[in-house]
Amino acid sequence: MLENARLSQAIRLLQSQGLSGLIVYSSGSASILRPAYFRYVCAVRPLASCCAAVIAPTRSVLLMTPEWDAARAQSQTWFTDVRGSTEFSKDLVNVMRELKISGNVGVAGITEMTEEVYEAISSVSAIVPAEYIIEDLAVQKTLPELDLAREAARIADIGFQTFLANTRTGITEYELAAEAGYAMRSAGADDIFIMLSTEKYNQALHSPLDKRLAVGDVIIFEIAPFVEGQCVQVCRTISLGPPSPVLMAKYDLLLQAFAASLERIKPGRPAAEMVLIMNEIISAAGYAEYCFPPHMRARGHGFGIGSIAPGAVIDYNTQAVLKPGMILISHPNQYFPETGYLVCGETVLVTSGGIERLLKTETKLYINKG
Amino acid sequence: METIPSVIKRGRAGWDKVNMPATEFQGRVGCLRQEMVAKGLDSLLVYGNGVNHCGNVCYISNFAMDTVGEAMVIIPPSGEPVLLFEGTVRSLPTVKAATWLSDVRSSSDIVKESIDYLNSKGLLTANLGLVNLRELMPYSHWNAFQAATVGAHFTDAASLLIELRLVKSPREAEQMRRSSRLLQQVYYELTTTSLATLTERQIEAITEKTAYRAGATDFRLMLAATDGAFHPASNLPLPIGVSIHLYTAVEFERYWTAALHTFFVQPSRLTLPETKPISSLFSKIAARLQPGKPVSRSYAEIAAVLKTNGGFIAETGLGEGIGLELEEYPILDYNNTAIIKEGAHLFLQIALDNKKLGQIRLGHTVQVNSSSTDTVA
């Protein structure tokens with residue numbers, strides 16, 4: 001969350017840019033691949049509606065909908081002035097006027113804004129995109145944030161072990177996801193991401209279906225538990241029954257690419273380097289044309305609540321330079337014509353010397369007897 | 001009630017085509033086409049996004065987003081509608097399995113895809129009925145859409161979908177009863193399971209596992225101490241001897257039902273208090289939701305009944321419609337002049353102060369019938 005020192009830094013940044021204030025907006029939506037600016041700033045996870053943190057140099061107001069949610073927000077945030085709103089756009093304009101916001105105003109969360117909210121702010125001030133202010137503050141995780149990420153990693157390991165233990169003939173995809181979800185919830189996850197596929201030849205990850213697992217299935221899944229907004233993901237593949245030689249060979253290729261990518265994750269180096277080595281290894285095995293969408297989505301991405309730097313997609317073009325304190329996943333998830341889509345990867349912390357692997361469980365091809 | 005959705009729906013994403021066949025959706029498109037003709041619309045564009053605002057898209061296509069992202073259905077003057085969704089080509093087989101429509105297109109840019117489609121049909125300068133584009137689209141997308149359709153005439157057509165969705169068809173009502181059975185399982189599990197650790201998180205873990213194992217697509221839970229604000233589950237322990245309000249909602253194959261109860265926290269378990277006084281009061285107020293009556297009149301009558309019986313309308317309101325979304329029309333508010341219709345499904349909630357038991361809440365999903373209001377969940 002935004003601590004006092006960082007808030008002061010944000011206000012200095014605002015003033016140096018000639019901005020009369022900062023509005024951090026949320027529509028309540030949450031994604032693993034988007035920063036949660038509002039939550040980062042005020043430490044409140046929004047309900048599914050309009051919310052805004054309005055920060056001026058001398059005063060700040062938190063505006064919540066629905067009106068009754070102000071009490072919850074008040075108990076969680078450092079904002080002392082928390083207000084419930086019944087007419088959000090109108091109330092936001094009134095708060096801006098009250099806080100003497102005029103001229104240029106920095107706004108974070110513009111991509112979530114509808115016309116009504118955008119026009120309301122514009123009626124008072126000229127909107128200046130200001131996501132960068134929060135990104136700059138949040139790009140390197142603080143020690144408390146790293147503790148939360150490590151806790152999320154502990155829970156991800158539990159989720160994975162539960163997946164592994166329950167991968168058996170006859171269980172449905174949705175039952176398997178329910179077991180893993182229960183294990184992670186019980187361990188303290190406040191949100192959970194699960195996608196999987198359990199065919200003999202998988203095309204893509206998806207939400208759990210009625211499909212019952214059978215010997216010969218290749219179970220691919222991504223799980224990501226959250227702890228107070230910090231998230232750690234793990235991508236694993238389990239063979240139900242003995243894997244075919246071709247499955248083992250292709251998975252070995254992914255493991256080689258994954259291991260090599262970890263060696264390229266160093267502070268001061270472009271994030272693209274981890275992708276280039278993965279693509280080099282997979283291409284050398286004859287799959288150059290499969291190193292691009294739609295055969296894969298991304299070779300990795302960042303995680304965080306105020307910043308997901310180095311970005312939602314790390315590919316060969318990613319210009320961002322790695323910094324200590326960034327958390328990212330390397331996943332050479334890949335479609336092969338012989339095996340279908342396979343997943344392999346885990347989340348690491350960029351340290352001054354390279355990386356810290358956050359998960360305790362090993363990334364490899366797991367085999368269950370069925 | 002407003003709730004916090006998970007970052008992704010992680011329950012069963014099934015579609016039983018026996019219970020909800022393609023003919024059901026074709027009938028809906030037929031109704032919409034009649035209205036389109038009556039209003040002189042050449043095409044209808046129906047937009048939705050995220051897990052909470054995709055009801056209209058789902059009503060026509062049976063497709064609903066399971067996480068953030070945009071979707072749109074376009075009904076052309078003739079021929080089958082098209083479904084556009086934000087996603088990759090590799091997601092197409094999964095999305096196609098979730099809809100009766102055969103023309104399904106993935107895109108990273110819904111606006112561009114919709115413009116390309118309208119252009120291919122010669123509809124860029126047509127009279128376009130818009131449903132929720134202006135209200136829900138990110139501003140930059142809405143701007144881009146407007147810029148690309150400068151020759152078109154826009155008509156706000158949201159009322160077409162609102163009117164149709166106000167009344168649930170027999171098949172929809174059955175889906176909601178299936179959803180309610182899952183909710184009943186959740187409550188049964190909650191009141192019969194011995195809990196090793198009594199924390200809000202453990203309550204959440206047990207209830208959602210029960211729902212997901214039984215086939216729920218999505219699950220929501222909010223709690224409140226009797227004197228506190230509703231909030232999502234935390235890691236905090238539940239003190240023995242206190243009461244908590246528990247709002248739970250289950251989605252089964254697109255359809256939601258919800259319920260609200262007050263529990264007593266006892267060592268290793270939650271128990272329901274004697275509910276006769278509030279159940280009896282609930283029946284009285286539910287009977288005021290009669291077809292043909294304006295919502296505002298029912299609201300006033302209910303408020304009066306509550307007042308004379310020691311009850312009240314809580315801060316979270318009297319309720320709202322429920323179905324494809326947790327919060328639908330009509331909102332049960334004092335100034336809503338919409339007419340309650342037979343077949344409407346509503347989440348209705350009340351509060352009651354009781355000297356012995358403290359504050360108690362009760363909420364059910366109810367179905368408005370011609371001469372009665374039935375509790376669904």
Side-chain angles (χ1 to χ4, degrees), chain A residues 27-34 45-49 65-72 74-76 110-119 172-175 177-179 181-183 185-186 188-195 203-204 206-210 224 226 231 293-295 297 335 341, chain B residues 1-14 49-53 66-69 88-94 97 134-140 142-143 197 201-202 204-206 208-217 228-235 314-317 326-327:
Chain A
S27 65
S29 64
S31 166
I32 205 167
L33 296 175
R34 290 181 196 167
R45 190 175 174 189
L47 291 186
S49 201
T65 61
E67 190 178 21
W68 54 263
D69 197 36
R72 175 185 71 98
Q74 184 75 77
S75 69
Q76 297 179 353
I110 295 174
T111 56
E112 295 180 42
M113 273 181 195
T114 58
E115 180 189 46
E116 184 188 328
V117 178
Y118 190 95
E119 297 288 357
T172 61
E173 287 185 355
Y174 70 83
E175 288 167 336
E179 294 297 338
Y182 175 71
R185 274 287 193 223
S186 298
D190 54 33
D191 201 355
I192 296 164
F193 177 100
I194 296 177
M195 289 184 87
Q203 295 283 354
H206 50 69
S207 295
L209 298 171
D210 289 328
F226 287 69
C231 168
H295 307 297
R297 190 192 74 83
Y335 171 83
Y341 196 67
Chain B
M1 186 189 296
E2 296 256 12
T3 59
I4 293 186
S6 179
V7 71
I8 192 168
K9 288 185 180 184
R10 56 189 167 82
R12 173 182 169 273
N49 60 25
V51 295
N52 276 353
H53 303 293
D66 57 11
T67 184
V68 294
T88 63
V89 174
R90 284 191 297 109
S91 305
L92 265 174
T94 307
R134 181 187 288 270
E135 294 80 8
L136 292 178
M137 256 190 179
Y139 181 66
S140 59
W142 170 238
N143 258 358
T197 51
R201 185 74 65 214
Q202 197 56 22
E204 180 181 44
I206 286 170
E208 72 175 15
K209 179 187 176 184
T210 305
Y212 286 142
R213 277 198 64 96
T217 308
F230 272 96
H231 58 273
S234 73
N235 292 325
E315 77 287 356
T316 46
L326 259 181
E327 292 184 289

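Residue numbers start from 1 in every chain, and the chains themselves are labelled A, B, ... in the order their sequence lines are given, proteins ahead of strands. For the numbers below, each heavy atom of this structure counts, side chains included, while hydrogens, waters and symmetry mates do not.
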Inset, instruction - Check side-chain contact (heavy atoms from CB on, under 4.5 Å) between A:Ala178 and all other residues, then give those that pass, not counting sequence neighbours. - result: B:Tyr212, B:Arg213
Legend entry - Partner residues of B:Ser6 under the side-chain contact (heavy atoms from CB on, under 4.5 Å) criterion, sequence neighbours left out: A:Asp191, B:Arg10
Legend entry - Choice from B:His231, B:Met137, B:Glu208, B:Glu315 maximising heavy atom contacts with chain A below 4.5 Å: B:Glu208
Legend entry - Residue A:Glu119 excluded, over 12 heavy atoms near CD under 6.0 Å: yes
Inset, instruction - Evaluate the ring planes of A:Trp68 and B:Phe230, with Trp represented by its six-membered ring, and classify them as parallel (under 30°), tilted (30 to 60°) or perpendicular (over 60°). - result: perpendicular
Separation of [Y] [atom2] from [X] [atom1] (nearest 0.5 Å):
X	Y	atom1	atom2	answer
B:Ser234	A:Arg72	OG	CZ	11.5 Å
B:Thr67	A:Ile32	OG1	CD1	8.5 Å
B:Glu204	A:Tyr182	CD	OH	12.0 Å
B:Lys209	A:Ser186	NZ	OG	8.0 Å
A:Thr114	B:Arg134	OG1	CZ	10.5 Å
A:Arg185	B:Ile206	CZ	CD1	13.0 Å

Inset, instruction - Please tell me if the side chains of A:Arg45 and B:Ile4 come closer than 4.5 Å, counting only heavy atoms from C-beta onward. - result: yes
Legend entry - Beyond-backbone contact of A:His206 with B:Pro93, side-chain heavy atoms, under 4.5 angstrom: no
Legend entry - Contact class of B:Glu327 relative to chain A, heavy atoms under 4.5 angstrom: neither
Legend entry - Where B:Ile8 and A:Ile192 come nearest, the two heavy atoms and their spacing: CG2-O, 4.0 Å
Inset, instruction - Grab the two heavy atoms, one from B:Gly11 and one from A:Ser207, that are nearest each other, plus how far apart they are. - result: O-CB, 4.4 Å
What part of [X] gets closer than 4.5 Å to chain B, counting heavy atoms only: side chain, backbone, both or neither?
X	result
A:Glu173	neither
A:Ala70	neither
A:Tyr118	side chain
A:Ile110	neither
A:Arg297	both
A:Pro293	neither
A:Glu115	both
A:Thr111	backbone

Inset, instruction - Would you kindly check if the NZ (Lys) or CZ (Arg) of B:Arg90 is within the cone defined by 45 degrees around the ring axis of A:Tyr341 and under 6.0 Å from the six-membered ring centre? - result: yes
Inset, instruction - Decide, yes or no, whether a salt bridge links B:Arg12 with A:Glu175 under the criterion of side-chain N to carboxylate O below 4.0 Å. - result: no
